[in-house]
Amino acid sequence: MRKLLGLSVFLAVAQVAHAADIEAGKRMATTVCAACHGANGVSVSDAIPNLAAQRAGYIEARLKAFKDGARPAQGTVSPTANMDAIATQLNAEDIANVAAYFAAQPGAASGAKSALLANFAKTRVTFPEGYKEAFTKYHTINFAATKQVRYYYANTFAVTAARAGRPLPDGSVLLTEVYAAKLDADNKPVAGADGFYVADKLLAYTAMASGTGWGDDIPEMLRNANWNYAVFTADKQQRAGVNQADYLACHKPLDKVSYIFTLKQLSEAK
Ligand code: HEC
């Protein structure tokens, strides 16, 4: 009897494994996963693993682990935030299907890299000239790990909506100035009386802005309503090679707070 039971469990597992639908896996892989892992599983950057020819069982196990572990404390970002945000949206079938698809791709040549997908490489966000006068500065954050301090600015559309408790409308623009902190003789950031690092050199700007239709070419699993993202150099030029998928995945779990980490501070802006 025990043997029979064991056999039937084995058959059930085998049947589930057989049900993997590679075509369905391909559709998801080439529109969503491809933004980071490449359509054929050859990733777009050194920070992202290749999935081509990886074992299906391993891919499935990792996806389940991302999904089960996706409970970062409020206000924090887990080290696997991007994958957690994606894996929580996958059901068991999706996982089996994409795993089967990537497992069936030929292994990557050493050093090979995929190009960014056009819809994630292209952003509609332009540099908001005149923001210092026109925008509201509403928040500051120290980043200890990178020894940086960031100042947060928002345009009137965004501030007005946040103060009124409404979702941020299309036309909202948020900008941060990213500064290297001033360092003391021990290479530690110097803090001012307010506890914030003293800003030294301007390194870059990050921006997110939303406009009607701007999210239409982003697949639902990564879409942040109509938000687009951009990074600008200190001399206000759009930084090339930015993958919006990184930002979209990171902000994806924030759908209840207009996709921004600082809605509370924005709603309290003076
Ligand atoms: C926004 C970029 C991004 C997207 C989109 C994305 N991934 Fe990932 N993925 C990553 C990063 C970064 C890692 C590195 C691991 C980490 O976060 O711990 C990773 C890791 C993984 C791993 C673990 C690989 C290993 O060697 O351990 C698997 C499996 C995986 N992703 C599957 C997927 C699948 C399937 C999709 C589509 C449904 C997907 N990913 C979409 C960025 C992404």
Side-chain angles (χ1 to χ4, degrees), residues 17 19-73 76-123 145 206 208 215 217-225 227-231 239 241-255 259 261:
D21 178 345
I22 291 202
E23 278 308 308
K26 180 179 180 178
R27 279 192 295 279
M28 180 179 286
T30 52
T31 53
V32 179
C33 321
C36 298
H37 295 285
N40 298 323
V42 179
S43 86
V44 302
S45 93
D46 290 346
I48 302 174
N50 294 335
L51 297 178
Q54 182 53 274
R55 294 171 191 276
Y58 177 80
I59 293 177
E60 290 193 36
R62 295 290 285 135
L63 289 171
K64 283 177 191 148
F66 288 128
K67 186 173 168 165
D68 296 343
R71 289 181 210 92
T76 63
V77 178
S78 101
T80 58
N82 287 0
M83 272 317 299
D84 297 348
I86 288 155
T88 49
Q89 301 180 67
L90 303 177
N91 62 30
E93 252 172 58
D94 298 328
I95 289 177
N97 295 345
V98 279
Y101 170 76
F102 282 119
Q105 303 310 303
S110 151
K113 219 176 250 185
S114 291
L116 296 183
L117 296 189
N119 52 331
F120 293 96
K122 182 188 76 184
T123 177
T206 66
M208 60 189 284
D217 59 358
I218 306 294
E220 205 44 54
M221 278 181 62
L222 286 164
R223 183 172 180 170
N224 293 180
W227 292 103
N228 274 195
Y229 295 81
V231 179
R239 188 181 284 171
V242 169
N243 189 2
Q244 287 195 82
D246 291 334
Y247 298 89
L248 291 162
C250 182
H251 289 240
K252 182 68 181 173
L254 307 175
D255 56 325
Y259 296 96
F261 286 97

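Whatever order the structure lists them in is the order used to number ligands and atoms, beginning at 1.
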min-distance protein heavy atom vs atom 5 (C) of ligand 1 -> Ile86 CD1, 3.3 Å
Between Val44 and Ala35 the two heavy atoms that sit nearest each other are CG2-O, 3.8 Å
Judged by heavy atoms only, the candidate from Thr80, Leu222, Asn50 nearest atom 16 (C) of ligand 1 is Thr80
Short version for Leu63: what comes under 4.0 Å of ligand 1, heavy atoms counted, is side chain
Among non-hydrogen protein atoms, atom 36 (C) of ligand 1 lies closest to Cys33 SG, 2.8 Å
for atom 14 (C) of ligand 1, nearest protein heavy atom and its distance come out as Pro49 CD, 3.4 Å
Logged contact type for Ala249 with ligand 1, heavy-atom cut-off 4.0 Å, is side chain
Atom 1 (C) of ligand 1 has as its nearest protein heavy atom Cys36 SG, 2.7 Å
For Ala29 and Phe102 the tightest heavy-atom approach is CB-CZ, 3.6 Å
In ligand 1, the atoms that come under 4.0 Å of a heavy atom of Ala245 are 1 (C)
Parallel under 30°, tilted from 30 to 60°, perpendicular over 60°: which one fits the rings of Tyr229 and Tyr247?
parallel
Discussion item. I'd like to know if the side chain of Asp21 and the backbone of Asn97 have a donor-acceptor N/O pair within less than 3.5 Å.
Written reply: no
Here the atoms of ligand 1 under 4.0 Å from any heavy atom belonging to Val32 are 5 (C)
Heavy-atom proximity to atom 15 (C) of ligand 1 ranks first, among Tyr247, Phe66, Phe102, for Phe66
The answer for which part of Leu51 has a heavy atom under 4.0 Å from ligand 1 is side chain
To atom 8 (Fe) of ligand 1, the closest N, O or S atom belonging to His37 is NE2
side-chain contact (heavy atoms from CB on, under 4.5 Å) between Lys252 and Leu222, intermediate numbers included:
CA-CA 6 Å; Lys252 182 68 181 173; Leu222 286 164; 5.8 Å; no
Next item on the list: Tell me whether Met83 has at least one N, O or S atom under 2.8 Å from atom 8 (Fe) of ligand 1.
Entry: yes
